[in-house]
Amino acid sequence: MPLSPDDLIRFLRSVHPYDSLDSDRLDALAPRFEQRQTRAGQDIYALGELLDGLYLIHDGEVTVRDENDAPVSILGPRNSFGERGLTRDGRAVTSARASADSLLLLLPRADFEALMEAEPTVARFFDRRRAEGSRGSDLATSRVETFMAASPATCPPATSVQEAARIMRDRGISSLCVTEGNRLAGIVTVRDLSGKVVAGALPSDTPVSQVMTPAPLTLSPDAIGSDVLHAMMERHIGHIPITEAGRLVGIVTQTDLTRFQAVSSAELVSAISRANSAEEMARSTAEIPRLLVQLVAGGNRHEVVTRLITDIADTATRRLLALAEAELGPPPVPYLWLACGSQGRQEQTGVSDQDNCLMLDDAVTEADMPYFRSLAQFVCAGLDTCGYFLCPGEMMATNPCWCQPVRVWRNYFSGWIAKPDPEAQMLASVMFDLRPIGGERSLFEGLQSETLALASRNSIFVAHMISNSLKHTPPLGLLRGFATIRSGEHRNTLDLKHNGVVPVVDLGRVYALQGKLPEVNTRARLKAAEAAGVLSVSGGRDLIDAYDLIAETRLEHQVAMARRGEKPDNYLAPTDLSDFERSHLRDAFVVVKTMQSAVGHGKGMLG
């Protein structure tokens, strides 16, 4: 049934960017939309067809496909499509078909173009959508589960190498996952068979357990394509099993990446992983501002951008560790290098110092310590050369306090939790964001869960951490204004780090503590807190939306500076924003302030 004029306007008011239009503009625009009923299976337009205008789905479902007839997206109510064709010669660069009975609203081409010209907010929205759409199926930012090979071929450890070779030949594959029940024991590849069996003249009945790679690197289904590509380039491997809760669910090989067009972040990771000095790496890390511009201009979400940027820092750290070991010799005992701060949370942007530490095996002796002091100095100096400047607070492995055996770290955490004075709160806040980067990861595994459990049971410590999380407040002024910095170099600006993202980071850390959640990334913490019931569904969604807007605004500000050839910072003048952007940013700050108030009053949730 067709929509009445009033129903149509109410619907448009619920869809961005039409919700930004004033009443007169919307009243004039609404009658221009044509209502089209489509049946399931009906073609809406074909590839190369001259488009009539912009489509908006009122109800139903539409599948959009690329030039290879591969699904690009499945769209539901309030989604628009067809705008990509309206920016070129008017011909569709995709095809669209109704996958369910649908009511579509068509804004004719001439009206769409006039709206884009008259309304900057609408133009910005659809310019971003076009940039995002122009990437097509971007493997770099697609979840692994969308392109992995499900149900990978497997064999038990006792399988002979001859039988393994026969299975791979018959199935036309280049690897087998070796499993014991549901547990992944290893992986054997064609390269293993040629390099170890044939070249080593091993008998054909040799079990694969003798030639496989045991405990191989794995990723989870919610990893993204860049995680796969970066791991393959850095470690020079071509197969990565995909596991979920320890269960093998798929595999990704280089064959799965054949359509992938390498993104700049992958090129930087590849170059850094092969560099022979910090100075050589610095030539690659110097490209990060340009990469930041490209990623944001490409329509990537902030959590994707920051993960890609952090991947580069992780690779540089691991490469420096390898170079240090090559110069100093093998370590006397196992160690683990960990990142904290923004690198630990995988939230690095164009402005990053270094925050890191070393955990050493408890077998370490005083005679071993000069080795690790030299290792820390080598890596931290190298990171500084690469543009990750030294931490002003000396929260680095070069500080003897943060280069200690695991037993000392365990005492650190238990002491901070038992006596949560202001310094302990600050240190605990930093250390709850630890993430292993290179070395023996088992040194940290038990410590993380043990510390979370110990901290969550101590109500006094939790109360102090909540109090500490409220020290950074959103920059809200009276009369719907902003509280800008009043003096100094950054007068009349907003600090989008300390008064923008940090309040949400602090809240996420508190929620993780309350729910004993192992996640470190802020957005992942918020989603996990919602799933665990620490946050209500409405409160979690509001806070995530607010965080996304603040983080996106910060990134876009840094990109604007990089485009001007300036060093990116976190200080944004509200006058650089449109009225619409200021209004929404303030609304986001209000959500954060409300959540802080809820936590401060012991509610922990927003209903």
Side-chain angles (χ1 to χ4, degrees), residues 215 217 227 230-231 234-235 269 272-273 275-278 281-282 285 307 309-348 352-365 368-391 393-410 412-413 427 430-448 451 518 520-521:
L217 170 74
D227 294 334
H230 292 176
E234 182 182 353
R235 293 170 172 79
V269 163
I272 290 170
S273 70
N276 293 312
S277 68
M281 290 183 216
T285 56
R307 183 187 288 198
I309 297 295
T310 305
D311 279 352
I312 297 170
D314 291 355
T315 303
T317 304
R318 284 190 287 267
R319 184 56 182 159
L320 286 166
L321 288 169
L323 293 174
E325 289 190 23
E327 180 173 305
L328 301 172
V333 298
Y335 70 86
L336 177 62
W337 186 282
L338 302 101
C340 43
S342 60
Q343 184 183 0
R345 297 189 304 273
Q346 293 182 299
E347 293 168 4
Q348 286 191 315
S352 298
D353 61 356
Q354 52 175 295
D355 298 284
N356 46 60
C357 63
L358 268 171
M359 288 186 180
L360 312 177
D361 190 276
D362 282 337
V364 69
T365 66
D368 298 326
M369 294 308 293
Y371 177 94
F372 292 109
R373 285 193 285 270
S374 297
L375 179 83
Q377 181 60 39
F378 185 102
V379 176
C380 288
L383 288 172
D384 186 56
T385 298
C386 291
Y388 304 99
F389 52 88
L390 300 173
C391 175
E394 296 190 358
M395 188 67 67
M396 296 178 295
T398 49
N399 185 334
C401 291
W402 315 132
C403 178
Q404 293 289 338
V406 172
R407 63 177 181 274
V408 174
W409 281 102
R410 183 172 280 107
Y412 281 165
F413 279 111
L427 294 173
V430 172
M431 294 304 171
F432 273 121
D433 293 348
L434 286 174
R435 182 172 60 89
I437 302 298
E440 182 52 60
R441 291 173 177 260
S442 63
L443 296 178
F444 182 63
E445 289 173 355
L447 181 59
Q448 182 189 35
T451 302
V520 175
N521 175 266

Practice prompt. Under the side chain to side chain donor-acceptor pair (under 3.5 Å) rule, what do Thr317 and Asp314 come out as? Steps first, then yes or no, please.
Written response: CA-CA 5 Å; Thr317 304; Asp314 291 355; 5.5 Å; no
Practice prompt. Check the pair Leu358, Leu336 against side chain to side chain contact (heavy atoms under 4.5 Å, CB included), reporting the backbone distance first and the verdict last.
Written response: CA-CA 6 Å; Leu358 268 171; Leu336 177 62; over 6 Å; no
Discussion item. For Val520 and Phe432: C-alpha separation, side-chain torsions, deciding distance, then whether side chain to side chain contact (heavy atoms under 4.5 Å, CB included) applies.
Written reply: CA-CA 8 Å; Val520 175; Phe432 273 121; over 6 Å; no
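Between Gly438 and Leu321, the shortest heavy-atom contact is CA-CD1, 4.0 Å. The minimum heavy-atom distance between Cys357 and Leu434, with the atom names listed, is SG-CD2, 3.6 Å. Closest of all the heavy-atom pairs between Leu443 and Met359 is CD1-O, 3.6 Å. Minimum interatomic distance between Ala278 and Leu320 (heavy atoms only, all atoms of both residues): CB-CD2, 4.1 Å. Smallest separation of non-hydrogen atoms from Val406 and Asp362: N-OD1, 3.2 Å.
Under a 3.5 Å cut-off, the side chain of Arg318 and the backbone N or O of Ile437 do form a donor-acceptor pair. Side-chain atoms of Asn356 do not come within 3.5 Å of backbone N or O of Leu338 as any donor-acceptor pair.
Here Gln346 pairs with nothing under the side-chain hydrogen bond (donor to acceptor under 3.5 Å, both in side chains) rule; sequence neighbours left out. Remark: Ala363 engages Val333, Asp361 in a side-chain contact (heavy atoms from CB on, under 4.5 Å) (not counting sequence neighbours). Checked against side-chain hydrogen bond (donor to acceptor under 3.5 Å, both in side chains), Gln348 has no partners two or more places apart in sequence or in another chain. Legend: residues meeting side-chain hydrogen bond (donor to acceptor under 3.5 Å, both in side chains) with Asp355, ordered by chain and number and at least two apart, are absent. Remark: Cys386 pairs with Met281, Thr285, Tyr388 by the side-chain contact (heavy atoms from CB on, under 4.5 Å) rule, at least two apart or across chains. Among residues two or more places apart in sequence or in another chain, the salt bridge (Lys or Arg N to Asp or Glu O under 4.0 Å) test is passed with Arg345 by Glu347, Asp433.
Note that SG of Cys401 and CE of Met395 are 9.5 Å apart. Values are rounded to the nearest 0.5 Å. Between Glu234 atom CD and Ile272 atom CD1 the span is 9.5 Å, to the nearest 0.5 Å.
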Distance-only donor-acceptor hits, side chain of residues 369-376, under 3.5 Å, sequence neighbours excluded:
{"residue": "Tyr371", "atom": "OH", "partner": "Gly329", "partner atom": "O", "Å": "2.6"}
{"residue": "Ser374", "atom": "OG", "partner": "Pro370", "partner atom": "O", "Å": "3.0"}

Using distance only, find each side-chain donor-acceptor pair of residues 378-385 under 3.5 Å and give its atom names and separation, not counting sequence neighbours.
{"residue": "Asp384", "atom": "OD1", "partner": "Leu390", "partner atom": "N", "Å": "3.4"}
{"residue": "Thr385", "atom": "OG1", "partner": "Ala381", "partner atom": "O", "Å": "3.1"}

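Screening residues 395-410 for side chain to side chain donor-acceptor pair (under 3.5 Å) gives Arg410-Glu450 as the qualifying pairs, with residues at least two apart or on separate chains. Residue pairs meeting the side chain to side chain donor-acceptor pair (under 3.5 Å) criterion with at least one member in residues 326-340, sequence neighbours excluded: Glu325-Tyr335. Listed by first and then second residue, the salt bridge (charged side-chain N to carboxylate O under 4.0 Å, His left out) pairs involving residues 437-448 amount to none (not counting sequence neighbours).
In this structure, Leu427 and Val430 have side chains that are not in contact, with every pair of non-hydrogen atoms separated by 4.5 Å or more. At a threshold of 4.5 Å between non-hydrogen side-chain atoms, the residues Val364 and Pro332 do not count as touching. Arg435 places a side-chain heavy atom less than 4.5 Å from the side chain of Gln343.
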